[in-house]
2 protein chains.
Amino acid sequence: MDTIGDLRDFGGADAYLSQCASRTVLVALANKWTCLLVSALGDGPVRFGGLRRQLDGITQKSLTQTLRTMERDGLVLRTVYPTIPPRVDYELTDLGRSVIALMAGIKSWSEQHVEEILAARERFDQRAAEEPQPVLPT
Amino acid sequence: MDTIGDLRDFGGADAYLSQCASRTVLVALANKWTCLLVSALGDGPVRFGGLRRQLDGITQKSLTQTLRTMERDGLVLRTVYPTIPPRVDYELTDLGRSVIALMAGIKSWSEQHVEEILAARERFDQRAAEEPQPVLPT
DNA sequence: CAGCATCCAATTGGATACTG
DNA sequence: CAGTATCCAATTGGATGCTG
């Protein structure tokens, strides 16, 4: 093994380092809307309105912003049909498709383990409430 | 197939729904620090200071907060040694270990595809700059 | 329909000071 | 060492109104 071989993963990128460009990629992926959008787009092209309905709770602003960022990052292809009223399709690029497994994985892990986590939260909050309070001078 | 069979994944949890508890789990996972912390804790117990050094750019406040949330969610086990000076170890629980693959996967995907994404960003910004500007009345 | 622009409230994040 | 507490700046997010 050569001396620097172990240090480099891929061209030396290391998301642990705040100045490494890969950190910006990780930040782009690691947020709820990107995760849910990649999952939703995993089945094929969807229109703006369709995504808005599927991602319950997202605002028009956040949807537009997240889609733009994903388009800029090369994850999403945006197709505008010059019809009236306008129609815009969004679909994953090859690059985008290569993250489906990870993003959909997070979504389904969340769904599979909700109960376990809710229980853990209750236990934690219960312990915290039972904890001896610092004595106050009476 | 029964009528509700297709609708339920796991007890009916669906992170697409804003009111579903699984959405809160997804939100907890889908952020940069949780992603990097799970990855960092994947190798075994680490002390607070060690994590702070490894996760370049994290503040003490964010580190404490994220670790507390993860502890509350049952992903992390916190062990305090009553020594002077104090020493605190953090390690993943079984539940936490079951997300390592996903979180570390995001980190390494980011590192593997940085260049591709940086190139996509440049192309996008280039196109945007070249776009015909709306005519202004002279 | 699929946006953009704007205003404003709320949450997040950093810097700093102090403690068992 | 491993925090807590606080203040304050910055970013995010929602609500609303308008447009090709």
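Bear in mind the structure is a predicted one, so any value in this text is a computation, not a measurement. First the proteins, then the strands, lettered A, B, ... as listed; each starts at 1.
- Closest to the B:S62 side chain, of the nucleotides C:dC1, D:dC1, C:dG14, is C:dG14.
- For the residue pair B:S18 / A:D56, a side-chain donor-acceptor distance below 3.5 Å is found, with atom types taken as modelled.
- The phosphate of C:dG3 (OP1 or OP2) has no side-chain N or O of A:T64 nearer than 4.0 angstrom.
- Side chain of B:T34 to main chain of B:A28: a donor-acceptor pair is present (N/O by atom type, distance under 3.5 Å, no hydrogens or angles).
- When heavy atoms are screened at a 4.0 angstrom cut-off, A:Q60 is found touching base atoms of the nucleic acid.
- Here C:dG20 is the nucleotide among D:dG3, C:dC1, C:dG20 with the atom lying nearest to any side-chain atom of B:P86.
- Contact between the side-chain N/O atoms of B:R47 and the OP1/OP2 oxygens of D:dA2 is found at a separation under 4.0 Å.
- For the OP1/OP2 pair of D:dC1 and a distance below 4.0 Å, the side-chain nitrogens and oxygens of B:Y90 include no atom meeting the criterion.
- Atom-to-atom, CG of B:D56 to C1' of C:dG13 comes out at 16 Å; the value is rounded to the nearest Å.
- Atom CZ of A:R87 and atom P of C:dG3 are 13 Å apart (whole Å).
- As rounded to whole Å, 11 Å separates atom C1' of D:dG14 from atom NZ of A:K32.
- Side-chain N/O atoms of A:S62 and A:T59 include a donor and acceptor closer than 3.5 Å.
- When the side-chain nitrogen and oxygen atoms of B:R78 are compared with OP1 and OP2 of D:dG3, one or more of them lie within a distance under 4.0 Å.
- Nucleic acid contact class of B:R52 (heavy atoms, under 4.0 Å, all strands): none.
- Per the geometry, CG belonging to A:L67 stands 17 Å off P belonging to C:dC1, to the nearest Å.
- We find that CD1 of B:I58 is positioned 9 Å from P of C:dG13, with the value rounded to whole Å.
- Taking atom CG of A:L51 as the reference point, atom P of C:dA2 lies 9 Å away to the nearest angstrom.
- Between A:W33 and A:P85, the one whose closest nucleotide on DNA chain D sits nearer the 5' end is A:W33.
- Here the closest heavy-atom approach between residue A:L41 and residue A:V46 is recorded as CD2-CG2, 4.0 Å.
- Note: CG (B:L63) to C1' (C:dA15) measures 16 Å, nearest angstrom.
- Considering only the side chain of A:K61, C:dC7 comes nearest among C:dC1, C:dC7, D:dT4.
- Atom CD in A:Q65 sits roughly 13 Å away from atom P in D:dT11 (whole-Å rounding).
- Within the 4.0 Å cut-off from OP1 or OP2 of C:dC4, at least one side-chain nitrogen or oxygen of A:R68 is found.
- Side-chain contact between A:R78 and A:V88: present, with at least one pair of heavy atoms (C-beta onward) separated by less than 4.5 Å.
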